Amino acid sequence: MKAVLQKILRPTDASSILLDRRLDDRIPFQWHHHPEFELTLTLNSRGQRFVGDHIGTYDDGDLVLVGSNLPHTWHSASKVVEEAPHVALVLWFHPEWVERMQDGFVELGAVRAMFDRSAPGLHFSDGAARRVRPLFERLRTLAPEERLPDVLALLTILARDERAAPLSNRVVAPSGRAVDRGRLDRVLDHIHLNYAENPSMDELADIAALSLSGLHRLFLRHLDMPISEYLMRLRIGEACALLSGTEKSIAHAAEMVGYRSIANFNRQFKTQKGMTPRQFRQRFQGNR
């Protein structure tokens with residue numbers, strides 16, 4: 001269940017990418033990440049939402065902005081209307097477009113700030129989600145050149161949502177210098193694909209083309225945490241998904257996410273979640 005790097009093709013005729021995903025059976029658990037920011041409106045579906053180390057329930061009209069390179073997935077449990085499909089309306093935004101959006105358009109300052117706040121994922125209030133839902137659904141009928149005004153209107157409404165709440169502990173990098181972002185994205189891609197194999201610091205430094213001290217400074221500058229803590233949060237986040245979504249034993253879950261010592265896993269899990277893995281599983285099953 002390692003986070004797979006999803007490659008999203010960049011269109012030449014649009015600033016954003018729209019996906020209208022309709023599934024008759026279910027929304028499957030597909031733990032993945034990508035450099036693009038992702039705004040997802042989920043309709044006619046109920047289940048669990050996994051964003052970084054956050055796990056929560058979602059219902060019809062759930063609206064979330066996922067930050068760049070933040071692992072995430074949705075996993076459906078049921079439909080609202082059984083005869084209709086699960087629907088996920090998705091907008092992807094490339095980091096370069098987000099970084100440049102204020103160039104000549106100072107009115108978009110609040111929107112840009114919202115994207116910066118989305119590093120841990122942002123869950124929008126029910127009221128904001130209801131307001132933008134007609135705009136979001138209308139995008140499916142528009143050509144790319146017609147879509148842009150509605151996309152900007154939608155983002156402007158969401159940027160004013162004072163009840164938008166962060167979901168995960170902060171485990172991704174905000175925008176930064178292009179050279180730093182390129183180095184960091186290469187390292188993050190490798191970490192997300194291989195963190196259960198405990199990649200070495202030397203290996204990561206080579207990927208970033210930096211010294212060990214330079215790699216350490218890069219993480220502290222952009223993520224405000226050392227690499228060891230970043231790896232721990234990813235592992236604990238995947239462990240939470242295993243404990244809540246499967247019947248695998250605690251020891252097996254710990255091994256799958258890269259822990260060779262169950263005692264170390266239990267200690268780090270309790271530090272991150274404030275409870276033991278067994279307590280987490282019992283509480284999550286009780287909430288369901």
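Keep in mind that what you see is a predicted model, and the values were worked out from it rather than measured.
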Step through the shown structure and confirm whether more than 12 heavy atoms of other residues, nucleotides or ligands are within 6.0 Å of [atom1] on [X].
{"X": "Glu255", "atom1": "CD", "value": "no"}
{"X": "Arg260", "atom1": "CZ", "value": "yes"}
{"X": "Arg131", "atom1": "CZ", "value": "no"}
{"X": "His216", "atom1": "NE2", "value": "no"}

Any [X] side-chain heavy atom under 4.5 Å of [Y] side chain:
{"X": "Thr42", "Y": "Ile27", "value": "yes"}
{"X": "Glu137", "Y": "Leu89", "value": "yes"}
{"X": "Met101", "Y": "Phe115", "value": "yes"}
{"X": "Leu139", "Y": "Leu91", "value": "yes"}
{"X": "Tyr259", "Y": "Gln268", "value": "yes"}
{"X": "Tyr195", "Y": "Met232", "value": "no"}
{"X": "Ile157", "Y": "Phe124", "value": "no"}
{"X": "Arg235", "Y": "Asn198", "value": "yes"}

Looking at [Y], is its backbone amide N or carbonyl O close enough to the side chain of [X] to form a donor-acceptor pair, meaning the two atoms are under 3.5 Å apart?
{"X": "Arg26", "Y": "Ser76", "value": "no"}
{"X": "His94", "Y": "Glu96", "value": "no"}
{"X": "Arg112", "Y": "Glu99", "value": "yes"}
{"X": "Arg186", "Y": "Ile207", "value": "yes"}

Interatomic distance, [X] atom [atom1] to [Y] atom [atom2] [nearest 0.5 angstrom]:
{"X": "Met275", "Y": "Phe280", "atom1": "CE", "atom2": "CZ", "value": "7.0 Å"}
{"X": "Asp59", "Y": "Arg46", "atom1": "CG", "atom2": "CZ", "value": "4.5 Å"}
{"X": "Leu122", "Y": "Ser168", "atom1": "CG", "atom2": "OG", "value": "11.5 Å"}
{"X": "Ile262", "Y": "Phe265", "atom1": "CD1", "atom2": "CZ", "value": "6.0 Å"}
{"X": "Glu203", "Y": "Leu215", "atom1": "CD", "atom2": "CG", "value": "11.5 Å"}
{"X": "Asn266", "Y": "Ser261", "atom1": "CG", "atom2": "OG", "value": "8.5 Å"}

Provide the full list of salt bridge (Lys or Arg N to Asp or Glu O under 4.0 Å) pairs with a residue in residues 73-89, sequence neighbours left out, each pair given once.
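Found none.
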Can you list every pair that meets salt bridge (Lys or Arg N to Asp or Glu O under 4.0 Å) and has a residue in residues 143-162, with sequence neighbours left out?
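Non-adjacent pairs meeting salt bridge (Lys or Arg N to Asp or Glu O under 4.0 Å): Arg138-Asp150.
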So, for [X] and [Y], which heavy atoms are closest and what is the spacing to 0.1 Å?
{"X": "Ser68", "Y": "Pro35", "answer": "OG-O, 2.6 Å"}
{"X": "Leu242", "Y": "Lys248", "answer": "CD2-CD, 4.0 Å"}
{"X": "Thr40", "Y": "Ala88", "answer": "CG2-CB, 4.5 Å"}
{"X": "Leu70", "Y": "Ala119", "answer": "CD2-O, 3.6 Å"}
{"X": "Tyr58", "Y": "Ser45", "answer": "OH-OG, 2.7 Å"}
{"X": "Ala208", "Y": "Arg183", "answer": "O-NH1, 2.8 Å"}

With side-chain contact (heavy atoms from CB on, under 4.5 Å) as the test, would you mind laying out the steps for Leu152 and Phe105 before giving the verdict?
CA-CA 12 Å; Leu152 293 178; Phe105 298 97; over 6 Å; no
According to a 4.5 Å side-chain heavy-atom criterion applied to Ile, Leu, Val, Met, Phe, Trp and Tyr, with indirect links allowed, do Leu204 and Leu220 form part of one hydrophobic cluster?
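No, it is not one cluster - the side chains of Leu204 and Leu220 are not joined through contacts under 4.5 Å.
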Are Phe136 and Val80 grouped together when hydrophobic residues (ILVMFWY) are joined by side-chain heavy atoms under 4.5 angstrom apart?
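Phe136 does not cluster with Val80.
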Are His33 and His72 near enough that their ring centres are under 6.0 Å apart?
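That pair fails the under 6.0 Å test.
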Tell me, with the steps shown, if Arg49 and His54 meet side-chain hydrogen bond (donor to acceptor under 3.5 Å, both in side chains).
CA-CA 8 Å; Arg49 182 200 317 112; His54 156 85; 2.9 Å; yes
Could you go through the side-chain contact (heavy atoms from CB on, under 4.5 Å) check for Leu167 and Val64 one step at a time?
CA-CA 9 Å; Leu167 291 175; Val64 170; 3.8 Å; yes
Determine the sole option in Leu41, Leu43, Leu23 for which the side chain to side chain contact (heavy atoms under 4.5 Å, CB included) test with Val87 is passed.
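So the option named by the test is Leu43.
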Does the pair Ser118 and Met114 meet the rule for a side-chain contact (heavy atoms from CB on, under 4.5 Å), with working shown?
CA-CA 6 Å; Ser118 74; Met114 176 184 69; 5.9 Å; no
Go through Leu63 and Leu158 one step at a time and tell me if the side-chain contact (heavy atoms from CB on, under 4.5 Å) criterion holds.
CA-CA 10 Å; Leu63 183 60; Leu158 295 180; 3.7 Å; yes
